[in-house]
Number of protein chains: 2
Amino acid sequence: MNQPDNDVLAAVRFDANGLVPAIAQQHDTGEVLMLAWMNRDAIAETLATNRVCYFSRSRGGLWRKGETSGQVQHLKELRVDCDGDTLLLLVDQQGVACHTGRRNCFFRAVRDGALVEIAAPLVSPEQLYGEHKHG
Amino acid sequence: MNQPDNDVLAAVRFDANGLVPAIAQQHDTGEVLMLAWMNRDAIAETLATNRVCYFSRSRGGLWRKGETSGQVQHLKELRVDCDGDTLLLLVDQQGVACHTGRRNCFFRAVRDGALVEIAAPLVSPEQLYGEHKHG
């Protein structure tokens with residue numbers, strides 16, 4: 001790779017906090033897994049390693065997806081939107097993306113006038129994290 | 001519908017600006033079309049009409065997708081993520097989602113170390129907007 005970082009980083013419009021939202025989509029099925037945030041360092045590390053690294057707003061630091069839970073996201077392709085203010089990550093998700101143990105984070109839907117759960121956990125959070133928190 | 005607004009709005013964690021990011025995905029193909037932002041009124045109107053309405057940060061007001069361009073998004077289902085801070089809209093996109101005339105906004109990808117365009121416009125912005133701007 002010929003230093004894609006500069007090219008990409010120049011195209012990204014970070015917000016006032018230096019962050020940009022990144023959508024993670026399973027590359028082969030099209031399933032939208034989650035949305036998280038990236039800063040410059042997270043993008044650079046993700047492109048360098050092909051393992052997705054976010055920026056955790058709650059912890060205020062880099063969040064290497066799966067470092068605690070083992071539920072790693074392998075990067076297949078990184079895309080930038082027209083305005084440069086959103087990223088789309090095509091990934092291969094190992095296991096489950098959601099910290100609740102569900103495959104994706106969007107398991108609540110408005111149906112017949114109510115917000116209902118449409119997917120059950122595949123593994124328990126305790127199995128994923130023990131006493132830890134982030135994925 | 002039994003007033004889903006209250007249920008949904010109670011589940012959403014809006015940011016300091018009263019906004020939440022919303023991912024629009026074509027309901028049948030899985031294509032991720034765009035990301036935009038919604039406030040309370042945009043969510044309520046979208047659920048009431050089943051036509052997607054965002055909040056335009058640049059214009060500071062409701063943005064009824066397609067009101068200028070005709071490229072309307074019909075809502076098929078609204079989902080809320082685990083933390084309530086992202087929405088996923090399953091939609092039926094009429095025409096193109098991107099203001100550049102492309103089907104979706106994520107037409108730039110990192111490939112072989114460079115950011116390259118991977119999709120061409122299907123219609124010209126002039127055809128979509130004349131002298132107007134937003135979609």
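Labels below follow one simple rule: chain letters A, B, ... track the order of the sequence lines, proteins then strands, and each chain is numbered from 1. Predicted, not measured: the structure shown is a model, and the values here were computed from it.
With hydrophobic clusters built from ILVMFWY side chains whose heavy atoms lie under 4.5 angstrom apart, B:F107 does not share a cluster with B:V110. Both A:V52 and B:L115 sit in one connected hydrophobic cluster of ILVMFWY residues. Membership requires side-chain heavy atoms under 4.5 Å apart, directly or through other members. With hydrophobic clusters built from ILVMFWY side chains whose heavy atoms lie under 4.5 angstrom apart, B:V96 does not share a cluster with B:V72. By the criterion of side-chain heavy atoms lying less than 4.5 angstrom apart, applied directly or through intervening Ile, Leu, Val, Met, Phe, Trp or Tyr residues, A:L9 is grouped together with A:M38 in one hydrophobic cluster. Note: the hydrophobic cluster containing B:V12 also contains B:L47 (ILVMFWY, side chain heavy atoms under 4.5 Å, direct or indirect links).
Here B:D83 contributes atom CG and A:C98 contributes atom SG; the two are 7.5 Å apart, rounded to the nearest 0.5 Å.
Note: A:C82 leads A:G84, A:C82, A:A109 in heavy-atom pairs under 4.5 Å with chain B.
Near-neighbour residues of residues 27-37 of chain A relative to chain B, defined by a heavy atom under 4.5 Å from a heavy atom of that chain, comprise A:G30, A:V32, A:L35, A:W37.
For A:R108 against B:A11, the heavy-atom pair with the smallest separation is NH1-CB, 4.1 Å.
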Show me the donor-acceptor pairs within less than 3.5 Å that the side chains of residues 85-92 of chain A make with the rest of the protein, sequence neighbours left out.
unit_1	atom_1	unit_2	atom_2	d
A:D85	OD2	B:R57	NH2	3.3
A:D92	OD1	A:Q26	NE2	3.1

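Residues passing the ring-ring contact (aromatic ring centres under 6.0 Å, His included) test with A:F106, sequence neighbours excluded: none.
Residue pairs meeting the salt bridge (charged side-chain N to carboxylate O under 4.0 Å, His left out) criterion with at least one partner in residues 71-80 of chain B, sequence neighbours excluded, are A:R111-B:E77, B:E77-B:R79.
Only the side chain of A:I23 comes within contact range of chain B, with heavy atoms under 4.5 Å apart.
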